[in-house]
Amino acid sequence: MANDAEMTLEVEIFDGSGNFADWSEQVILALQQKGVLDYVESDMHAGTAEEPDKKKFNPADSKADGLAVAIILRCMSKSHRKRFIRSTAFEVWMELQKLYGVPNTEDLVSNILELFSFHMDPNDKEGHASAVQYSNLMNKIDFSTFSSSAMANLMYLAALNKHHNSVRLEFAKKKPNELEFDDIFHAVCTLSDANKKQCAYNKKIGASNFGGAAHAQRPTCKHCGRFGHSADNCWARDDSGSGSNNRNSGGNNRNGGGGN
């Protein structure tokens, strides 16, 4: 364990094979206790507007950053310390996160989708290039970091179709080990039911609008009650009182074709 006269917290030595999440939490507590946590959470030696690439610490910040680096390195094995010589606390911490940190759910789902879509190149007769490509995809996901249930939940999220993309985006905000299948499945079912109801509603409204628009454009005869003409042009109307009017005679009357 890392033990320092000025440190009251004891932190397990990290050699790259342990639980990085637990170790990093312990280191954060140690940094917080010494009041230098800010130096790993943000780049405290950013350059000026005139010289953005020329980064310098003021003396006070330099001392605090040195303390933060010392705390982190004391909690690491000697073989791991070598790569962080002349690094700031922020640079050390970002590199550790990159090497050992758990990717977020969104990145993991994206990587799994790449695995799902992988196909061997037809031109790769020996299979070597495809094997290397697949190996690189596999290396993006450290399966040993997650429980089998967490991995199954990540694969389920990746398998959702485009209609359930909102569910994927919702659960991508959670940490991989916080995912619960029942919660994802419930969200999928809820969205599916909502989509079905919306689809049925749209069909109903669409049919109603279609019929309503069609009828709105066609006049209604007040004489016979049919659509498509007005009472003035109704062929069933007998203004002469003979009661013998028909469609043809009505058409002749409208066209002014009297029988002489």
Side-chain angles (χ1 to χ4, degrees), residues 17-26 28 41-42 93-124 127-218 220 227-228:
S17 62
N19 189 319
F20 177 76
D22 288 346
W23 176 84
S24 61
E25 287 181 5
Q26 294 175 20
I28 286 174
E41 292 185 335
S42 59
W93 198 248
M94 287 300 99
E95 183 66 16
L96 286 171
Q97 294 295 326
K98 181 180 178 181
L99 290 171
Y100 306 108
V102 177
N104 59 47
T105 299
E106 184 177 2
D107 290 341
L108 285 168
V109 169
S110 177
N111 293 337
I112 292 172
L113 283 171
E114 285 190 74
L115 284 175
F116 282 173
S117 61
F118 175 81
H119 294 284
M120 184 176 180
D121 188 342
N123 298 320
D124 184 14
H128 177 71
S130 297
V132 171
Q133 183 183 0
Y134 186 77
S135 177
N136 290 336
L137 290 175
M138 289 287 289
N139 288 336
K140 290 183 178 181
I141 308 172
D142 184 2
F143 292 94
S144 64
T145 308
F146 313 104
S147 63
S148 57
S149 60
M151 208 55 228
N153 292 331
L154 287 166
M155 296 181 73
Y156 180 49
L157 278 179
L160 295 179
N161 60 33
K162 62 181 181 180
H163 302 294
H164 297 89
N165 193 47
S166 60
V167 174
R168 184 186 294 127
L169 293 175
E170 175 187 349
F171 284 90
K173 300 174 184 177
K174 293 191 174 184
K175 294 179 180 179
N177 289 320
E178 293 177 348
L179 298 173
E180 295 288 345
F181 174 79
D182 290 343
D183 294 339
I184 302 172
F185 183 67
H186 176 72
V188 168
C189 292
T190 301
L191 181 60
S192 297
D193 290 342
N195 286 340
K196 288 179 182 178
K197 291 178 181 178
Q198 185 64 42
C199 183
Y201 176 78
N202 289 342
K203 287 182 178 179
K204 181 178 179 181
I205 293 300
S208 175
N209 286 341
F210 177 78
H215 290 315
Q217 295 173 2
R218 300 171 62 193
T220 303
F227 296 105

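Closest approach of Lys174 and Asp183 over heavy atoms only: NZ-OD2, 4.4 Å. The shortest heavy-atom contact between Pro176 and Ala150 is O-CB, 3.8 Å. Annotation for Glu170 and Ala187: closest pair OE1-CB, 4.5 Å, computed over non-hydrogen atoms.
Atom CZ of Phe171 and atom CD of Glu180 lie 9.5 Å apart (nearest 0.5 Å). Atom CZ of residue Arg168 and atom NZ of residue Lys173 lie 14.5 Å apart, to the nearest 0.5 angstrom. The line from CG of Leu169 to OG1 of Thr105 is 12.0 Å long, rounded to the nearest 0.5 Å. The distance from the NE2 atom of His119 to the CD atom of Gln133 is 11.0 Å, given to the nearest 0.5 Å. We find the CH2-CD distance between Trp93 and Glu41 to be 9.5 Å, quoted to the nearest 0.5 Å. Once rounded to the nearest 0.5 Å, the distance linking CG of Leu157 with CZ of Phe181 reads 10.5 Å.
Inter-residue side-chain proximity for Met155 and Phe116 is flagged as met; some heavy-atom pair is nearer than 4.5 Å.
Judged by distance alone, the side chain of Ser135 and the main-chain N or O of Ala131 form no donor-acceptor pair under 3.5 Å.
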Take Leu96 and Trp23 through the test side-chain contact (heavy atoms from CB on, under 4.5 Å) and record every step on the way to the result.
CA-CA 11 Å; Leu96 286 171; Trp23 176 84; 3.9 Å; yes

Is there a side-chain contact (heavy atoms from CB on, under 4.5 Å) between Leu179 and Tyr156? Walk through the geometry before answering.
CA-CA 11 Å; Leu179 298 173; Tyr156 180 49; over 6 Å; no

Please test Met151 against Ile112 for side-chain contact (heavy atoms from CB on, under 4.5 Å), starting from the C-alpha separation and ending with a verdict.
CA-CA 10 Å; Met151 208 55 228; Ile112 292 172; 3.7 Å; yes

When you look at Val109 and Leu154, which way does the side-chain contact (heavy atoms from CB on, under 4.5 Å) test go after all the steps?
CA-CA 6 Å; Val109 169; Leu154 287 166; 4.2 Å; yes

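Residues that satisfy the side-chain hydrogen bond (donor to acceptor under 3.5 Å, both in side chains) test with Glu114, not counting sequence neighbours, are Lys140. Taking Asp121 as the reference, Asn123, Asp124, Ser130 meet the side chain to side chain contact (heavy atoms under 4.5 Å, CB included) condition, with sequence neighbours excluded.
There is a side-chain donor-acceptor pair under 3.5 Å between His164 and Ser192.
Within 6.0 Å of CZ in Phe185 there are 12 or fewer heavy atoms belonging to other residues, nucleotides or ligands.
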